[in-house]
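Right, one structure below, let's go through it.
The chains referred to below are lettered A, B, ... by the order of the sequence lines, with proteins before strands, and numbering in each begins at 1. Since we're looking at a predicted model, the values are computed, not measured.
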Number of protein chains: 2
Amino acid sequence: MTKKTTTPIPCSQHDHKKCKKNALQRARQVCQKNKVRLTPIREKVLELIWQSHKPLGAYDILGMLSTEGQTAAPPTVYRALDFLLAQGLVHRIASQNAFIGCSLSSHPHVSQFLLCRDCGVAIEIEAPAITDAIAENAHQYGFSIDQNTIEISGLCQCCQQ
Amino acid sequence: MTKKTTTPIPCSQHDHKKCKKNALQRARQVCQKNKVRLTPIREKVLELIWQSHKPLGAYDILGMLSTEGQTAAPPTVYRALDFLLAQGLVHRIASQNAFIGCSLSSHPHVSQFLLCRDCGVAIEIEAPAITDAIAENAHQYGFSIDQNTIEISGLCQCCQQ
DNA sequence: AAATTAATGTTATAATGTATCAAATTTTAC
DNA sequence: GTAAAATTTGATACATTATAACATTAATTT
Ligand SMILES: [Zn+2]
Ligand SMILES: [Zn+2]
Ligand SMILES: [Zn+2]
Ligand SMILES: [Zn+2]
């Protein structure tokens, strides 16, 4: 039996080093299970994304990669991101043209985020009530769902004080 | 008492000329009420957006504007779009970097769309169940909502045959 | 080891969006 | 009615985000 992952609200104090370490370990497991390779570049990009809970732009990542000695061009980053997206290890935040590490990569789920406009934090939520309400509504239109983009912008608890 | 707006499923046959005419009329009313000006450029952009129920990119609009004799530069279109967004006359579809006419501009609502990946149609829905489920969930996190991006991609009824 | 596939490097370019300042138009104030 | 102020539009340049195309390297399979 696997230990339940307690998901801290990322804008508040938490052991982020652990947060990140867990994410990278999950990533290795996922890649092993999917029989795909988490190459050094891909892992590095994932690690950079996990440096915070704020979505990063591709060119932010590119900049970070480059300052670390390595030289990189846009396709390098976009390829790594495409890979990580395909494996469900990161999500794309369409409203920000940015990317965020997935907190729930160990099981299937749809992309649902609360996005703080002040501190920038992205809180990944798993809300069956939302998913169900959407499924129900889509069904009424005879619409079959592929993918959800649920991005709720506002102020997180910490930023309302 | 105002007549109830019957919203046809836009991928199926419907009187789109009427659809468009109604939208433009609503736009004039909204602008009058908000004491803002629906200038010729703004109206033209709105009209172009309403030529179909498929979201249009800013540069698509720009191209259409230019082929119609007028000469236009990107800021012209983006300004018009910003205006129309501010007045709630169009919505931005973040997952497509595109813009679509609002079918519900006569009353307050959040942005919720079903997007067909085959025919490209955007169906604006008004689903209190979704809105409520989101509000409930946000509340649990102490998150106060500004804006929703609800974009459900899949296949519309017509494209499943 | 050779052949095949997958991943990365490299260059160029496409697509989307904004900053800035000048000119014209509309609105407001007198 | 006219001058001043504010809004809107024109025009140029540029910033940001993303992809196409092809060469090279590395890993996997036969
Ligand atoms: Zn953390
Ligand atoms: Zn996730
Ligand atoms: Zn129509
Ligand atoms: Zn709407």
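- A distance-only check finds no donor-acceptor pair linking the side chain of Arg92(A) to the backbone of Leu81(A) [under 3.5 Å].
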What protein N or O atoms touch nucleotides 23-26 of chain D N or O atoms at under 3.5 angstrom, if any, and at what distances?
none

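- Within the structure, the side chain to side chain donor-acceptor pair (under 3.5 Å) test picks out the following pairs touching residues 140-152 of chain B (sequence neighbours left out): Arg117(A)-Asp146(B), Ser95(B)-Glu151(B).
- Applying the side chain to side chain donor-acceptor pair (under 3.5 Å) test to pairs two or more places apart or on separate chains, those with a residue in residues 32-43 of chain A are Arg28(A)-Glu43(A), Asn34(A)-Gln87(A).
- Between the side chain of Lys54(A) and the main chain of Cys119(A), a donor-acceptor pair closer than 3.5 Å is present.
- In plain terms, the two heavy atoms of Val90(B) and Leu85(B) that are nearest each other are O-CD2, 3.4 Å.
- Reading DNA chain C from its 5' end, the first and the last nucleotide to sit under 4.0 Å from a heavy atom of chain B are dT16(C) to dT27(C).
- Other residues, nucleotides and ligands contribute only 12 or fewer heavy atoms inside 6.0 Å of the CD atom of Glu136(A).
- Classified by interplanar angle (parallel below 30°, tilted 30° to 60°, perpendicular above 60°), the ring pair His16(B)/His14(B) is perpendicular.
- The interatomic distance linking Tyr78(B) (OH) with dA11(D) (C1') rounds to 17 Å, in whole Å.
- Ring geometry, His107(B) versus His109(B): the interplanar angle falls from 30° to 60°, so the pair is classed tilted.
- At a threshold of 4.5 Å between non-hydrogen side-chain atoms, the residues Leu114(A) and Val121(A) do not count as touching.
- Contacts with DNA chain D (heavy atom under 4.0 Å) in residues 38-51 of chain B: Thr39(B), Ile41(B), Arg42(B), listed by number.
- No side-chain donor-acceptor contact under 3.5 Å links Ser103(B) and Glu126(B).
- Between Gln51(B) and Leu56(B) there is no side-chain heavy-atom pair separated by less than 4.5 Å.
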*Test side chain to side chain donor-acceptor pair (under 3.5 Å) on Gln29(A) and Ser105(A) and set out the steps.*
CA-CA 10 Å; Gln29(A) 290 170 356; Ser105(A) 51; over 6 Å; no
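- Proximity of Cys156(A) to Asp118(A): side-chain heavy atoms (C-beta onward) are nowhere separated by under 4.5 Å.
- Comparing Val36(A) and Tyr59(B), the nucleotide of DNA chain C nearest to each residue sits closer to the 5' end for Val36(A).
- For the contact set between residues 90-100 of chain B and DNA chain C, defined by any heavy atom under 4.0 Å, the members are Arg92(B), Asn97(B).
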